[in-house]
2 protein chains.
Amino acid sequence: MKLPPLNALRAFESAARHNGFIAAADELFVTRGAVSRHVKLLEEHLGLKLFHRNHKGVELTTAGHDLLPVLTESFQAMAEKCGHISASAFELRIICPPALSIRWLFPLLERFRELHPEVRIKLTTDFYGAKGFDTSEYDLGISVEHMPGRSPNIVVLPLFSSYLSPACAPNLLKGQQSLSSPQDLKNFTLLHENPRREDWKTWAREFNVEGFDPSQGEAFPNLDMATKAAVMGAGIVMADMALCREELQLGTLILPLEHMKCEEPHGRYALIGSRDKWDDPNVTKFKDWISEVSAEGAPAA
Amino acid sequence: MKLPPLNALRAFESAARHNGFIAAADELFVTRGAVSRHVKLLEEHLGLKLFHRNHKGVELTTAGHDLLPVLTESFQAMAEKCGHISASAFELRIICPPALSIRWLFPLLERFRELHPEVRIKLTTDFYGAKGFDTSEYDLGISVEHMPGRSPNIVVLPLFSSYLSPACAPNLLKGQQSLSSPQDLKNFTLLHENPRREDWKTWAREFNVEGFDPSQGEAFPNLDMATKAAVMGAGIVMADMALCREELQLGTLILPLEHMKCEEPHGRYALIGSRDKWDDPNVTKFKDWISEVSAEGAPAA
DNA sequence: CTTTTGGATCAGTTTTTCTAATCCAATGTA
DNA sequence: TACATTGGATTAGAAAAACTGATCCAAAAG
């Protein structure tokens with residue numbers, strides 16, 4: 001079956017729903033005549049009357065009653081879906097792990113919003129989860145990314161490197177224990193970001209340090225909290241230098257072994273997204289903006 | 001949400017389904033340019049791309065993938081429903097009880113088909129069923145109708161009267177038993193149409209006949225069979241004179257009490273239908289035709 | 001008896017849509 | 001390397017569709 005003229009279907013649907021051509025005309029922003037004409041056209045197309053025309057308004061025929069619901073449902077479904085899709089065109093769903101989010105991205109985001117007020121950013125502050133970056137849930141992700149060979153439809157844009165080095169509150173070193181060589185670490189509590197990274201271990205491996213247990217100490221759900229704990233003097237955190245610049249500047253954290261800093265060994269901070277959406281306008285805006293922001297002020301040089 | 005231009009939606013749906021604008025253009029009987037334009041328009045309306053344009057054809061974006069199914073389903077549903085409705089416009093569903101159908105309507109119907117070949121008659125030969133004439137299943141019904149006061153949205157068009165009188169095969173009266181007064185009926189087997197009518201009883205009441213048992217005898221599922229049984233000499237049927245004109249003419253049935261004939265006491269043969277459809281073109285064609293046919297040759301005058 | 005309500009209709013105009021021709025880029029083919 | 005082929009984009013002009021606004025009409029309400 002060939003579909004009747006769609007606009008005629010719509011006019012009929014509206015007229016039937018409102019039980020009158022005038023109401024339909026109002027809804028569709030046209031004149032009564034236009035609606036009348038559309039309905040007539042549809043009736044001719046189908047070969048039967050859809051309305052009984054009484055002196056007072058119209059009333060659906062059996063056929064009209066039969067036809068109405070499927071039209072209403074269909075138009076409704078299409079309108080709803082188009083609405084969602086259209087709304088999603090102004091939406092940018094970003095996922096960023098906690099420390100990076102709260103210590104870096106979040107404060108910057110306001111500037112992006114000023115620059116592109118039409119883009120509605122939905123930021124999720126969390127780790128990716130077991131299956132890695134979920135392209136159906138998020139348009140972009142920001143985190144430390146191991147560059148080579150991801151899934152083929154994932155694109156990675158490197159942003160900046162960061163460096164790992166042990167950090168602690170200055171008071172911690174005012175006691176009996178000194179911390180001038182890595183071996184001294186055995187006398188301190190180590191503070192860990194638990195769920196993902198094994199930064200102490202990698203740092204130790206990187207510098208071939210032995211004589212302390214890099215898994216000893218206390219664990220936190222993310223690096224932000226571990227860092228805060230360090231500020232409070234709870235121990236020594238393997239700090240991500242890009243993420244605690246404020247503490248370092250204020251002097252609430254110091255780097256007792258500053259000469260021993262290694263580049264994030266898992267990779268670099270990067271923006272990732274699906275190839276599909278990589279050239280979407282909003283994604284592009286964000287890409288451009290974040291590249292600039294990263295270049296301008298990020299690395300702990 | 002305001003619906004995007006419907007024709008653009010259709011063009012996109014077709015293009016997406018075929019994975020190409022050319023195939024869609026063929027399906028919609030337009031040029032490639034038209035499809036291209038429609039899709040572009042829709043994309044502008046939604047504010048995002050629905051296709052990735054590669055050198056070789058097109059490929060749906062995430063948004064496109066998201067949008068396609070609801071469109072396909074909706075258009076499919078609408079097309080199907082319109083198809084059904086449109087087909088029903090050329091259909092006339094008539095129900096007629098067995099004896100009337102086989103003895104009167106059926107042979108005449110060929111003439112109607114010649115006159116209006118575009119109307120597809122679907123004749124159901126059966127009694128109405130417990131709830132009476134079902135306006136949702138049938139457009140028209142033909143049967144004996146008690147005129148006054150039916151359900152308000154049922155219309156009745158009287159066609160012709162018929163008459164009841166006992167009938168039997170001539171041989172039946174060649175035996176010992178004669179049949180010259182109603183009281184003689186007690187010596188014969190009565191033949192009944194079982195399911196609906198109590199014609200013997202009403203006839204007896206009509207003429208105040210006593211001295212025989214009007215419920216005695218054999219029953220058949222309809223009057224056609226009872227009449228045929230009478231022709232075979234099985235007994236005496238309360239014949240509907242309009243429905244056994246052939247037998248009476250041929251002499252295979254006779255009316256031993258011809259002076260005692262009563263008009264169908266339940267009413268007259270009539271066409272009935274729902275008020276809704278009473279002026280539908282096909283219904284009108286049938287009304288006009290059957291009125292004429294009835295007037296011209298029906299009554300057993 | 002007049003007004004109001006709700007739809008039908010028509011001529012003329014506006015808007016949309018389509019076509020047909022031409023481009024363009026990539027890819028396979030000779 | 002040349003060259004046809006494929007599949008989409010683009011454009012101006014032409015054709016078709018849709019809309020308006022005025023006018024009609026019939027029934028019902030005031």
Side-chain angles (χ1 to χ4, degrees), chain A residues 2-61 63-65 68 71 75 275-276 279 281, chain B residues 2-46 48-61 63-65 68 71 75 82 275-276 279 281:
Chain A
K2 213 173 136 290
L3 223 61
L6 292 168
N7 294 320
L9 286 176
R10 174 162 52 182
F12 162 72
E13 193 274 339
S14 181
R17 193 154 33 74
H18 290 102
N19 256 300
F21 290 10
I22 293 179
D26 289 347
E27 180 176 86
L28 301 172
F29 302 108
V30 294
T31 55
R32 302 178 273 183
V35 175
S36 170
R37 184 174 267 273
H38 271 309
V39 171
K40 191 181 170 190
L41 176 70
L42 181 58
E43 287 177 331
E44 274 163 17
H45 189 98
L46 294 175
L48 41 71
K49 290 263 174 277
L50 295 166
F51 287 112
H52 295 297
R53 272 78 163 175
N54 321 331
H55 26 289
K56 191 95 182 166
V58 290
E59 202 188 347
L60 284 171
T61 61
H65 257 114
L68 177 60
L71 296 187
F75 287 134
R275 189 173 299 281
D276 265 15
D279 294 315
Chain B
K2 212 173 137 288
L3 221 58
L6 292 168
N7 294 319
L9 286 176
R10 174 162 51 182
F12 163 73
E13 192 274 339
S14 181
R17 193 154 31 74
H18 290 102
N19 256 301
F21 290 9
I22 293 180
D26 288 348
E27 180 175 87
L28 301 171
F29 303 108
V30 294
T31 55
R32 303 178 270 184
V35 176
S36 171
R37 184 175 268 272
H38 271 308
V39 171
K40 191 179 170 191
L41 177 70
L42 181 58
E43 287 177 331
E44 274 163 18
H45 189 98
L46 294 175
L48 42 71
K49 291 263 173 278
L50 295 167
F51 287 112
H52 295 296
R53 272 78 162 174
N54 321 332
H55 26 287
K56 194 92 181 168
V58 290
E59 201 187 348
L60 284 172
T61 62
H65 257 115
L68 177 61
L71 296 187
F75 286 134
C82 287
R275 188 173 300 281
D276 264 14
D279 294 316

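Throughout, protein chains are lettered first and strands after them, A, B, ... in sequence-line order, and every chain is numbered starting at 1.
As judged by a 4.0 angstrom heavy-atom cut-off over every strand, B/G33 is placed among the base-contacting residues. Across all strands shown, A/R32 has heavy atoms under 4.0 Å from base atoms, whether or not it also approaches the sugar-phosphate. B/F29 comes within 4.0 angstrom of the backbone, heavy atoms only, and of no base. Nucleic acid contact for B/V35: none, since no nucleic acid atom lies under 4.0 Å from a heavy atom of the residue.
Residue B/K40 places no side-chain N or O under 4.0 Å from the OP1 or OP2 atom of D/dG8. Between B/H55 and the phosphate of C/dT27, there is a side-chain N or O to OP1/OP2 separation shorter than 4.0 Å. A close approach under 4.0 Å does not occur between any side-chain nitrogen or oxygen of B/H38 and OP1 or OP2 of C/dT16.
Interface residues of residues 6-21 of chain A facing DNA chain C, ordered by number: A/G20, A/F21; criterion, heavy-atom separation under 4.0 Å.
Distances were taken from every side-chain heavy atom of B/T31 (C-beta onward) to each of C/dC10, D/dA9, C/dC18; the shortest belongs to C/dC18. Of the candidate nucleotides D/dT10, D/dC19, C/dG7, C/dG7 has the atom nearest to the side chain of A/I22. Of the candidate nucleotides D/dA18, D/dT11, D/dA9, D/dT11 has the atom nearest to the side chain of B/R37.
Nearest-nucleotide mapping onto DNA chain D: of B/R53 and B/K56, the residue sitting toward the 5' end is B/K56.
Applying the ring pair (Phe, Tyr, Trp, His ring centres under 6.0 Å) criterion to B/F51, with sequence neighbours excluded, gives B/F12, B/F21.
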